[in-house]
Number of protein chains: 2
Amino acid sequence: MTTIRDVAEYAQVSVATVSRVLNKKGYVQSATKEKVEKAINDLDYKPNDVARSLFKGKSKMIALLVPDITNPFFPELARAVEDLCNQNSYTFILCNTDNSYEKEATYLNSLQQKSIDGMIIVSDTISPDYIGKIKVPIVLLDRVFEKGDYSYVKVNNREGACNATNYLKEIGCKKIAHIAGPSSVLNAKDRMKGYIDAVAYESWFSNDLIITSDYDMKLQASTENIKALLQKHPDVDGIFAANDSIAIRTMKVAEEMKIKIPDDLSIIGFDGISLGEITSPSLTTMAQPIYEMGRKAASMIMDEINDPSLPKRMEKLEVNFMKRQSTRKKG
Amino acid sequence: MTTIRDVAEYAQVSVATVSRVLNKKGYVQSATKEKVEKAINDLDYKPNDVARSLFKGKSKMIALLVPDITNPFFPELARAVEDLCNQNSYTFILCNTDNSYEKEATYLNSLQQKSIDGMIIVSDTISPDYIGKIKVPIVLLDRVFEKGDYSYVKVNNREGACNATNYLKEIGCKKIAHIAGPSSVLNAKDRMKGYIDAVAYESWFSNDLIITSDYDMKLQASTENIKALLQKHPDVDGIFAANDSIAIRTMKVAEEMKIKIPDDLSIIGFDGISLGEITSPSLTTMAQPIYEMGRKAASMIMDEINDPSLPKRMEKLEVNFMKRQSTRKKG
DNA sequence: TAGATTCGTGTAACCCGTTACATATATCCT
DNA sequence: AGGATATATGTAACGGGTTACACGAATCTA
């Protein structure tokens, strides 16, 4: 490995001068500059970022912690963050936490030991206290705590859920069920509230129109619950699913039960993952601006890195209704 | 930040002794060890990995370069690599190259400047010459060059494709088309060869039963080609698609054309992405052991990092036939 | 018991950029 | 002309672990 000292020697100048040329900082005579640039070229010198990081205490690295990248919501988010990292010369680190407290704690420690510059965290398990101890800039994404002073990016889950449910009412659904996400997931609660906002005063509403499912598409455990719901309430003609994965699984179950979508049953999801476009029928959904959320979080982190005294920012983005084939107006 | 010198002072020993305790290396009296451990605890000392990396020239970081994490093939791969990184205390870096030569070159440079320990690369654009210049251990994944001495992990694309096509013949398909991947993608060529292996001597075979499409599911450009194929050859009753994304898109097109799957047309894909399970009908496919491929690549990289003198390893894994609903036996 | 080993610990150089500070010359201002 | 300022470059300390080497004490060997 060629070092800055090799370059200095080759160019017959001091290391300080080479450093000045490299960083375009301080005074360097143009003739000297050329000598140094020639040396850099001749020796194919690339500065060692680790040494740089050690001195600066910054690593030009940003980490994204998600529960599981194979969950179809996260690749687009990761892509957004990575794009911004790449554009701003940051290196992008990805961590799968499986919503495990231990894994999160391990990651948080090892990332700090690597002088990570900032972290974007999607987590239901992490506690505000724990986050408070971390000196590195943090932006919470999608799932946030109620209290505490943290930067975050999220969407208006409750209103979005309410609107989604109202849409089913508008197209003439007479009995609307809700398949909620796990109670441990923060945004799932808000979405359930939004559903209740929309149906609480309907004469047909009863609590057993709400069942709970897992957010993960692969787990087939809750398929039975969905089936039971549809059997118990054969007159349900609209379902608001807490996310697209659940909605897609529900479509599968309905199909097996010979329930026609959207003719017999309208289904609306939440998230706007690209999967929803390729199912048959394609999925009507309340889409989160996933890429934009990732972009914004990354951009906020970088702002905070550049100026740690910046006040925390809370960004609430709007969901977008996407009409597709899994819902249809009655009559 | 507490440093090793703070710990040394607090424990009344030298930094060397603290380092020995930390790394469990060299002689330390048990009483001294306890003193040091107490100091580490009292001061909540965490060693600085950057300083460590600088001295060692190793960073305990591994990078995965993929074209695009939002392509559904890659999240599972990334997850596998990340899992192994996590288990072995490596930090996982993810890079989206978009198959752009410039982006790849930029990543390769900046990763080396960060003393990355190893890279796993999925790329069609990268050249063997370029790779040859890199001193860091590299494992190529899924797409590999014909010549040169590189470690890689791939599947038997050609045989798998041939078997997939033969399966269509076995269930009674009388005319089988192939929707190939872009010619720039290395594995797409092999899969096309496999298809040809299976059909070259069939009386019905003609070159215009092969069309080319994009691997990416989102691009709708090639939808027209698929439609044209099905219109031109209404007697095609079997399609082998070069990957699952194409197969799923083909199912969509067929559905729009009122062609029933699998009754009128059997479709088989390649890859085994989890998406294929949730479509209606679900997709019969030649599944690659995606997680296993990622695992193996990660494990090979770590072996090479631990012993750079190790010979290159070429791993060819087997694809697995997954019978689902998009194919059906005739008659 | 002398000499060789093993054990235990410390000093200081090293990894490689960055930059504060020192020094020196050139340019500017009154 | 003489002090202030801008320009140009070098020296050496620094960031925080790691480890080669040195030294002393304890244990072993013959």
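- Regarding contacts with the backbone of dT9(C), a side-chain N or O of Gln29(B) is found under 4.0 angstrom from either OP1 or OP2.
- Side-chain contact check for Leu65(A) versus Asn96(A): every heavy-atom pair is 4.5 Å or farther apart.
- Classification of Asp49(A) and Lys114(B) as a salt-bridged pair holds, one side-chain N sitting under 4.0 Å from a carboxylate O.
- Val28(A) comes within 4.0 angstrom of the backbone, heavy atoms only, and of no base.
- Nearest nucleotide to the side chain of Asn48(A), out of dC16(C), dT9(C), dA8(D): dC16(C).
- Under the 4.5 Å side-chain criterion, counting only non-hydrogen atoms from C-beta, Thr17(B) is in contact with Thr32(B).
- A salt bridge does not link Arg313(B) to Glu304(B): none of the charged nitrogens lies less than 4.0 Å from a carboxylate oxygen.
- In this structure, Lys114(A) places its NZ atom 22 Å from P of dG15(D), rounding to the nearest Å.
- For the pair Asn23(A) CG and dC16(C) P, the interatomic distance rounds to 17 Å; values are reported in whole Å.
- Across the protein-nucleic acid pair, Leu22(B) atom CG and dG17(D) atom P stand 8 Å apart, rounded to whole Å.
- Using a 4.0 Å heavy-atom cutoff across all strands shown, Asp49(B) reaches no nucleic acid atom at all.
- The nearest whole Å value for the distance from the NZ atom in Lys46(B) to the C1' atom in dG16(D) is 16 Å.
- For dG17(C), the base has a donor-acceptor partner in the side chain of Arg5(A) [N/O atoms by modelled type, under 3.5 angstrom].
- Counting only heavy atoms from C-beta on, Ala16(A) has its side chain closest to dG10(D) among dG8(C), dG17(D), dG10(D).
- Here the closest heavy-atom approach between residue Ala11(B) and residue Val36(B) is recorded as CB-CA, 4.1 Å.
- Look at CE on Met1(B): it is 13 Å from C1' on dG17(D), rounded to the nearest Å.
- The phosphate of dT18(D) (OP1 or OP2) has a side-chain N or O of Ser19(B) nearer than 4.0 angstrom.
- Checked against dG16(D), dG10(D), dT19(C), the side chain of Phe55(A) finds its nearest nucleotide in dT19(C).
- In this structure, Lys35(B) atom NZ and dG8(C) atom P are separated by 14 Å, rounded to whole Å.
- Rounded to whole angstrom, the span from the CD atom of Glu34(B) across to the C1' atom of dG8(C) amounts to 16 Å.
- If you check dA12(C), dG17(C), dT9(C) against the side chain of Val15(B), the one that comes closest is dA12(C).
- In this structure, Lys56(A) does not reach the dG17(C) phosphate: none of its side-chain N or O atoms is under 4.0 Å from OP1 or OP2.
- Of the listed nucleotides (dC16(C), dT19(C), dG8(C)), dC16(C) has the atom at the smallest distance from the side chain of Thr3(A).
- Within the 4.0 Å cut-off from OP1 or OP2 of dT9(D), not a single side-chain nitrogen or oxygen of Thr17(A) is found.
- Asp117(B) and Tyr90(B) are not linked by any side-chain donor-acceptor pair at a separation below 3.5 angstrom, with hydrogens and angles left out of the test.
- Using a 4.0 Å cut-off, no side-chain N or O of Tyr27(A) falls inside it from OP1 or OP2 of dA8(D).
- A donor atom on one side chain and an acceptor atom on the other are found under 3.5 Å apart for Thr70(A) and Asp68(A).
- Residue Thr32(A) is classed as a sugar-phosphate contact, given heavy-atom separations below 4.0 Å to backbone atoms only.
- Heavy-atom distances to DNA chain D give each of Arg20(B) and Tyr45(B) a nearest nucleotide, and the one nearer the 5′ end belongs to Tyr45(B).
- Minimum interatomic distance between Tyr150(A) and Met314(A) (heavy atoms only, all atoms of both residues): O-CE, 3.1 Å.
- Helix-axis bend for the helix from dT1(C)-dA30(D) to dT30(C)-dA1(D): the local axis fitted to the five terminal pairs at one end deviates from that at the other end by 30°, rounded to 10°.
- Distances were taken from every side-chain heavy atom of Ala51(B) (C-beta onward) to each of dT18(D), dT11(C), dG17(D); the shortest belongs to dG17(D).
- Closest to the side chain of Ser14(B), out of dC16(C), dG10(C), dG10(D), is dG10(C).
- Checked options Glu102(B), Glu104(B), Lys103(B); the residue passing with Thr125(B) is Glu104(B) (criterion: side-chain hydrogen bond (donor to acceptor under 3.5 Å, both in side chains)).
- One atom, CG of Leu54(A), and another, C1' of dG17(D), lie 8 Å apart when rounded to the nearest Å.
- Regarding contacts with the backbone of dG16(D), every side-chain N or O of Arg52(B) stays at 4.0 angstrom or more from both OP1 and OP2.
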